[in-house]
Amino acid sequence: MLRALRPRTARRAWRGWQAAHPVPAQVVSLAVTGLALALVVIALLMPNKRDQFHLAMFTRIPVEALIGAAVLIVLPRRPRVVVAVLGGAALGVLTVLNVADVEFNQYLGRSFNVILDWSLLGDAKSYLSDTLGGTVALLAAVGAVLLVLGLLAVMALAVVRVGTFLGRNKARSTRGLLLVSALWMTCSTLNLEVAGVPVASEHTVTMLKYHEQALRSTIKDEQEFAKTAKADAFGNTPGSQLVPDLRGKDMIFTFIESYGRSAIEDPIEAPGVDKTLDVSTQALAKAGFHAKSGWLTSATYGGGSWLGHSTTMSGLWIDNQNRYRTVTTGDHLTLTKAFQKTGAWDTVGIMPGVQKGWPESKWYGLDKFYNAFQMGYEGPKFSWSTMPDQYALEAFQRLEHSKKRDKPLMGFVILTSSHQPWAPIPKMVPWDQLGDGSVFKGIEAAGTKPQDIITNPTRSREEYGKSVQYSVTALTQWLERYGNDNTVLVFLGDHQPIARVSGNHASRDVPISIVAKDPKVLDKIASWGWTDGLRPAHNAPVWKMSAFRDRFLTAYGSTPHPSKD
């Protein structure tokens with residue numbers, strides 16, 4: 001009963017204040033109405049990319065506002081309130097989708113997919129927990145829920161307020177609507193623009209069409225890709241006819257996290273990274289190794305590393321979670337599984353980023369793999385990265401690469417030290433002092449904190465470049481130290497770093513290198529036109545990442561025997 005009386009009491013108090021102070025009350029009322037109208041217009045005009053947030057985007061006239069105003073003017077009071085609440089809630093949902101689009105475009109270079117991307121929210125929470133701590137992650141999750149609920153409530157109240165204002169004097173509201181509608185039509189007919197942005201806007205309609213088309217495309221793609229994944233140029237190739245020209249070689253496929261074209265060509269990042277690549281090329285040459293490098297266009301951007309890994313290994317374009325689930329639960333031949341299928345290699349995975357079950361290991365064709373808890377590491381995490389790359393590589397050496405065996409080894413190694421937020425970054429230590437990783441405790445404690453760079457694009461670019469230098473140095477030093485005449489290393493990036501580092505209009509290209517002592521290995525790819533050394537030239541060939549598997553298998557003597565859907 002008391003709760004029911006409180007709103008009435010508040011209304012009575014407000015009315016009493018209005019009666020006692022009519023002019024201030026009118027000013028407050030108009031200000032609240034103006035604020036409500038502004039919120040509605042901003043929601044209708046809100047762009048879905050950060051670089052589009054400028055004044056001209058909010059000086060447009062949204063046609064959706066004119067249509068909504070016409071409906072609210074015509075309706076009687078009670079139906080008007082109901083429609084306003086529903087319309088406001090819908091506008092709140094659209095605003096939430098726009099906010100999600102803004103963040104996904106910033107971090108993953110694409111819009112939010114309302115079917116596929118819910119599972120990534122859990123990954124985002126885990127990332128925040130590893131980077132900024134569990135408390136911050138929990139507060140962020142609670143804040144996100146409150147933001148969504150708040151947007152729905154505020155937008156509903158705003159539309160109700162605007163509807164009440166319009167319905168108070170329908171004749172006046174109709175005249176105003178006709179005037180603004182005439183202005184919209186004039187601007188549309190004359191294509192009037194402000195700073196290159198059309199004044200007459202249909203932004204919300206366009207966004208609704210976009211999301212509707214995305215839903216249709218997702219459903220259609222899921223059906224079509226399942227058929228595509230069943231067709232494989234090498235699906236029925238006998239093991240004896242797969243990679244015969246690499247028999248006897250220790251093959252190592254390595255992905256460096258977020259190692260993209262920007263690391264080699266961005267004016268802030270490139271000087272240090274390019275120097276590291278050149279110095280490493282020379283050091284490897286002294287050890288008898290030579291390299292060729294090119295570019296691949298990744299299926300993902302900013303994150304979703306597993307999409308880049310699976311695209312490279314499968315020869316299929318895997319750019320969303322549905323495709324990933326479809327292909328990894330099937331039997332499409334991966335490049336790593338091709339080595340297992342021959343029966344001539346032992347296959348093993350080094351996965352410092354895996355901290356739970358990983359059923360995909362079977363699809364990758366790995367006889368066994370080591371996750372973050374199986375490599376004996378007792379040192380600190382470096383934000384999201386569970387261990388420094390140098391330690392992961394030394395663990396690979398200790399656990400597998402150094403062992404005597406009847407067959408050569410095929411290793412699948414995923415390095416993580418260059419994962420965002422690029423703070424703190426490990427430092428190289430003498431290889432014989434790595435031990436159980438405790439040596440990194442002081443390095444981690446003295447390193448840069450994520451919160452010191454996470455909102456600073458220039459610092460982020462600088463630290464990102466340093467992290468790539470570290471990863472490349474760790475990998476090439478490992479090869480110098482432990483490689484032999486039969487070692488062949490293929491290493492590449494999984495995707496470009498996020499837009500804060502690579503830029504809002506960066507390519508999706510990543511570097512790829514093949515390194516070997518045996519000159520015959522590189523002779524097999526001479527026709528590819530790749531650049532000598534670890535640093536690909538700007539104009540070196542660019543292939544889609546999905547093209548690499550078939551080109552690699554063909555170059556090293558594999559015979560196609562297609563399987564069909």
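This structure is a prediction, so every number in the text was calculated from the model and none was measured. The analysis underlying the following values was restricted to heavy atoms, covering all of them including side chains, and did not include hydrogens, waters or symmetry mates.
- Looking at every heavy atom in both residues, A263 comes nearest to D274 through O-OD1, 4.5 Å.
- The backbone N or O of N539 lies less than 3.5 Å from no partner atom in the side chain of W295, so there is not a single donor-acceptor pair.
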For L335 and F552: C-alpha separation, side-chain torsions, deciding distance, then whether side-chain contact (heavy atoms from CB on, under 4.5 Å) applies.
CA-CA 9 Å; L335 186 53; F552 185 90; 3.6 Å; yes
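- The pair D245-K524 counts as a salt bridge, with a side-chain nitrogen and a carboxylate oxygen less than 4.0 angstrom apart.
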Given Q477 and W431, is the side chain to side chain donor-acceptor pair (under 3.5 Å) satisfied, shown in steps?
CA-CA 9 Å; Q477 282 193 13; W431 288 86; 3.0 Å; yes
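- Partners of K466 under the side-chain hydrogen bond (donor to acceptor under 3.5 Å, both in side chains) rule, at least two apart in sequence or in another chain, are E463.
- Taken to the nearest 0.5 Å, the NZ atom of K517 stands 8.5 Å off from the CG atom of L479.
- Note on residues 550-559: no pairs pass side-chain hydrogen bond (donor to acceptor under 3.5 Å, both in side chains), not counting sequence neighbours.
- Checking side-chain atoms of D221 against main-chain N and O of S217 turns up no donor-acceptor pair under 3.5 Å.
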Would W384 and E257 count as a side chain to side chain donor-acceptor pair (under 3.5 Å) here? Give the steps.
CA-CA 12 Å; W384 183 88; E257 170 66 38; over 6 Å; no
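- Closest heavy-atom contact between L492 and Y259: C-CD2, 4.1 Å.
- Summarising the geometry, atom OH belonging to Y482 is positioned 10.0 Å from atom CZ belonging to R398; distances are rounded to the nearest 0.5 Å.
- Between the side chains of T297 and D509, at least one donor N or O sits under 3.5 Å from an acceptor N or O.
- Inspection of the Y210 and S111 side chains reveals an N or O donor paired with an N or O acceptor under 3.5 Å.
- Among the candidates I512, V515, T312, the single residue satisfying the side-chain contact (heavy atoms from CB on, under 4.5 Å) test with V490 is I512.
- Take Y391 and apply the ring-ring contact (aromatic ring centres under 6.0 Å, His included) test, not counting sequence neighbours, and it matches Y377.
- In terms of heavy-atom proximity, P388 sits nearest to Y470 at CB-OH, 3.2 Å.
- Here the straight-line distance linking atom OH of Y301 with atom CZ of F104 works out to 14.5 Å at 0.5 Å rounding.
- Here the side chain of K407 pairs a donor or acceptor atom with the backbone of G343 at under 3.5 angstrom.
- A distance below 6.0 Å separates the ring centres of F396 and H401.
- Between the side chain of D266 and the backbone N or O of S502 there is no donor-acceptor pair closer than 3.5 Å.
- Side-chain atoms of S305 and H495 form a donor-acceptor pair, as typed in the model, at a separation below 3.5 Å.
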So Q420 and Y464, side chain to side chain donor-acceptor pair (under 3.5 Å) or not? Walk me through it.
CA-CA 8 Å; Q420 62 173 305; Y464 161 72; over 6 Å; no
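- Among all heavy-atom pairs drawn from A540 and T531, the shortest one is CB-OG1, 3.6 Å.
- Side-chain atoms of S280 do not come within 3.5 Å of backbone N or O of T473 as any donor-acceptor pair.
- Relative ring orientation between F412 and H309 is described as perpendicular, the plane-to-plane angle rising above 60° on a 0-90° scale split at 30° and 60°.
- Annotation: the span from D346 atom CG to L366 atom CG amounts to 12.0 Å, rounded to 0.5 Å.
- Of the N and O atoms on the side chains of S262 and Q496, at least one donor lies less than 3.5 Å from an acceptor on the other residue.
- Within the 3.5 Å criterion, the main-chain N or O of V429 finds a donor-acceptor partner in the side chain of Q390.
- Partner of L534 under the side-chain contact (heavy atoms from CB on, under 4.5 Å) criterion, chosen from L475, L277, I264: L277.
- Side-chain N/O atoms of Q340 and D367 include a donor and acceptor closer than 3.5 Å.
- Taking the six-membered ring for Trp and the full ring otherwise, F382 and W422 have centroids separated by 6.0 Å or more.
- Distance check, rounded to the nearest 0.5 Å: CD1 of I318 to CE of M545 gives 11.0 Å.
- Checked by atom type and distance alone, the side chain of H332 never pairs as donor or acceptor with a backbone atom of V327 at under 3.5 Å.
- Residues satisfying the ring-ring contact (aromatic ring centres under 6.0 Å, His included) test with W317, not counting sequence neighbours, are none.
- Checked against side-chain hydrogen bond (donor to acceptor under 3.5 Å, both in side chains), T448 has no partners two or more places apart in sequence or in another chain.
- Between T416 and P352, the shortest heavy-atom contact is CG2-CG, 4.1 Å.
- A distance-only check finds a donor-acceptor pair linking the side chain of R549 to the backbone of L333 [under 3.5 Å].
- Put simply, CD1 on I453 and OG on S460 are 4.5 Å apart, with the number rounded to the nearest 0.5 Å.
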Please report the C-alpha distance between T334 and T336 in whole Å, then the side-chain angles of each, then the deciding distance to 0.1 Å, and finally whether the side chain to side chain donor-acceptor pair (under 3.5 Å) criterion is met.
CA-CA 5 Å; T334 59; T336 43; 3.2 Å; yes
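- Centroid-to-centroid, the aromatic rings of F253 and F548 stay 6.0 Å apart or farther.
- Across D389, T276, T254, a single residue satisfies side chain to side chain donor-acceptor pair (under 3.5 Å) together with S471, and that is D389.
- No donor-acceptor contact under 3.5 angstrom links the side chains of S467 and S418, judged on distance only.
- Side chain of R216 to backbone of E212: no donor-acceptor contact under 3.5 angstrom is found.
- For the pair S293 (side chain) and G533 (backbone), a donor-acceptor distance under 3.5 Å is present.
- Using a 3.5 Å distance cut-off with no hydrogens or angles, the side chains of T487 and N484 do pair a donor with an acceptor.
- Remark: E400 pairs with K368, R405 by the salt bridge (charged side-chain N to carboxylate O under 4.0 Å, His left out) rule, at least two apart or across chains.
- In the displayed structure, K449 atom NZ is contacted under 6.0 Å by more than 12 heavy atoms of other residues, nucleotides or ligands.
- Across every non-hydrogen atom of P450 and P424, the tightest pair is CD-CD, 4.5 Å.
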